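This report concerns only the one structure given below.
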Protein chains: 2
Amino acid sequence: MVFVLTGSERECGMSAAEETPGGEDMPWGEVTPEAARRLLVAAVEAFAERGYHATTTRDIAGRAGMSPAALYIHYKTKEELLHRISRIGHDKALEILRAAADRDGTAAERLADAVHSFVRWHAERHTTARVVQYELDALGPEHRAEIVELRKQSDGAVRRIIDEGVAAGEFVVPDVPGTTVAVLSLCIDVSRWFNTQGRRSPDEVGALYADLVLRMVGVQK
Amino acid sequence: MVFVLTGSERECGMSAAEETPGGEDMPWGEVTPEAARRLLVAAVEAFAERGYHATTTRDIAGRAGMSPAALYIHYKTKEELLHRISRIGHDKALEILRAAADRDGTAAERLADAVHSFVRWHAERHTTARVVQYELDALGPEHRAEIVELRKQSDGAVRRIIDEGVAAGEFVVPDVPGTTVAVLSLCIDVSRWFNTQGRRSPDEVGALYADLVLRMVGVQK
DNA sequence: CCGATCTCTAAGCGCTTGCTCACCCACGTT
DNA sequence: AACGTGGGTGAGCAAGCGCTTAGAGATCGG
């Protein structure tokens, strides 16, 4: 299931039987030299807290317990770090939406599932999501174009569910593209305001939002 | 040495009969020495394009056709510029929401009005809105606290409409605070994705969103 | 035991940043 | 004509930035 694209780091030290510590579901399990992962996690935290441009390479390296120069052994530039984070995050987001879209069940069930799990991810991993969703403009032109393409595919996955719901008579939606944008926007913005200290758990927000979105597409309960 | 705080700068040079060029409704009409306004408009554009931290004071001054040093005649720091922008923008946003909340009419009419005009503002002036809504963390502690207070009042205005709609039996909303956050989040995020080149006009997006929000609160059409 | 390799560090280079300072000039008043 | 004042500039400072380089220490096949 590992969808490492830049991958090719399976030939590193450990035997094929062993697993990356933390297992398959560990957030950044696919980032392989352990030091590279530490740097990446540190970068996510720093970028989420202060923003990409306000974060220094010294801060990232410091959080990872390393010297500033160590960063450049694993990443060519600070921008490449952001790109890696963004790429992995968008792959994960797209995977979540596609899994829901490709399930069995009514369009309403699939849309609710998509929103619920998409929102839960944005709340649970809101530090990552904040970087992934709001630091797009800090990427260089080619990297940005690559990520924009992934976002179009996310849009397509949601639109497909809504289209099918309309075709099946489950949904009443006068403006499918507009509603698709609104649904995605609503979910994504969770990462901006969600706070771990708040009253609601990620799962509760997911359930609330799934209900709100079903209302938006005109499903009667 | 006029350090304009909010208003009350009517005692400056021009006669009482004259108006600020552009009239009362001009976006930044209340910012008075003309050079200070030019700097502020330049800052809004630059912050919206590149983000606060990626924008240099030289860039701002250059866009306003002035030398870097000129900025510091009108503003103490770069952060003060952001604060001024943020303050004026939030005041305007709150004014829009309050005007809709205080109108006559059913809760549904007032909620639709609030969302329509709030979204239209975020689309029409999406450069300003982007700065106002997404650069909050770049403010210093006191300035941020001041702005956060304004946001709480915006939340209150929307919540009041929804509360009254529920009380009047117009709305069916199981979770009023959660729905309030979702509605505001939906509207605010328009400033992130809205593009002047796109198919929809600000007014059309406002109308679409007003309809979506009425569905969210369970109004049958 | 040797060199090759890989990871990491101390030091620092060249540049840009936010901001300041000494000075200038147009203009309204005397 | 002289002057004071407020908006403006050119040059530049101290600090901090992203990134590089020379080399240290650990590990390992031969």
Side-chain angles (χ1 to χ4, degrees), chain A residues 8-15 18 20-21 31-43 46-47 49-85 135 137-140 143, chain B residues 1-4 9 11-15 18 20-21 31-43 46-47 49-85 135 137-140 143:
Chain A
S8 83
E9 58 270 288
R10 276 299 173 206
E11 75 272 346
C12 73
M14 58 188 177
S15 84
E18 276 182 325
T20 304
V31 183
T32 26
E34 195 244 347
R37 180 169 53 241
R38 262 172 33 229
L39 283 164
L40 196 128
V41 169
F47 291 163
E49 261 177 45
R50 305 149 140 68
Y52 174 80
H53 288 292
T55 300
T56 68
T57 54
R58 285 163 174 82
D59 182 18
I60 297 169
R63 285 176 194 242
M66 297 162 116
S67 81
L71 197 153
Y72 294 91
I73 294 163
H74 301 281
Y75 303 94
K76 273 207 292 282
T77 63
K78 178 177 146 186
E79 193 262 359
E80 189 192 310
L81 248 176
L82 176 62
H83 173 241
R84 280 270 220 288
I85 293 167
E135 299 286 358
D137 290 344
L139 289 169
H143 285 162
Chain B
M1 185 55 80
V2 189
F3 252 136
V4 179
E9 62 274 304
E11 75 274 348
C12 73
M14 58 188 177
S15 85
E18 276 182 326
T20 304
V31 183
T32 29
E34 195 244 345
R37 180 170 51 241
R38 268 182 17 239
L39 284 163
L40 196 128
V41 170
F47 291 163
E49 261 177 45
R50 306 148 138 69
Y52 174 81
H53 288 292
T55 300
T56 69
T57 54
R58 283 165 175 80
D59 183 19
I60 297 169
R63 285 176 194 243
M66 296 162 117
S67 78
L71 197 153
Y72 294 90
I73 295 165
H74 301 281
Y75 304 94
K76 274 205 290 280
T77 62
K78 177 177 149 188
E79 193 263 358
E80 190 193 308
L81 248 176
L82 176 62
H83 173 241
R84 279 274 219 287
I85 294 167
E135 300 286 358
D137 289 345
L139 290 170
H143 285 162

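Just so we're on the same page: letters track the sequence lines, and every chain starts at 1. These numbers come from a predicted model, not from an experiment.
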Going 5' to 3' along nucleotides 8-16 of chain C, which nucleotides have protein heavy atoms under 4.0 Å from the base (write B), which only from the sugar-phosphate (write S), and which from neither (write -)? BBB-B----

Take the protein atom [atom1] of [X] and the nucleotide atom [atom2] of [N], then report the distance between them rounded to whole Å.
X: L82(B); N: dG18(C); atom1: CG; atom2: C1'; value: 15 Å
X: R37(B); N: dG7(D); atom1: CZ; atom2: P; value: 14 Å
X: H53(A); N: dG18(C); atom1: NE2; atom2: C1'; value: 17 Å
X: K76(B); N: dT20(C); atom1: NZ; atom2: C1'; value: 16 Å
X: L39(A); N: dT7(C); atom1: CG; atom2: P; value: 12 Å

What pairs with R38(B) under side chain to side chain donor-acceptor pair (under 3.5 Å), at least two apart in sequence or on another chain?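 Listed in chain order: E34(B).
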
Taking every heavy atom of K78(A) against every heavy atom of T55(A), the minimum-distance pair comes out as NZ-O, 2.7 Å

Kindly give the heavy-atom pair with the smallest separation between A70(B) and L39(B), and that separation in Å. O-CD1, 4.2 Å

Output yes when at least one side-chain N/O atom of Y72(A) is less than 4.0 Å from OP1 or OP2 of dC19(D), else no. yes

With side chains defined as the heavy atoms from C-beta onward, is the minimum distance between Y52(A) and E79(A) less than 4.5 Å?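 They are in side-chain contact.
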
H143(B): partners by ring-ring contact (aromatic ring centres under 6.0 Å, His included), with sequence neighbours left out: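 For H143(B) the ring-ring contact (aromatic ring centres under 6.0 Å, His included) partners, ignoring immediate neighbours, are H83(B).
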
Among pairs that include at least one residue of residues 62-76 of chain A, which meet side chain to side chain donor-acceptor pair (under 3.5 Å), considering only residues two or more places apart or in two chains? E49(A)-R63(A), D59(A)-R63(A)

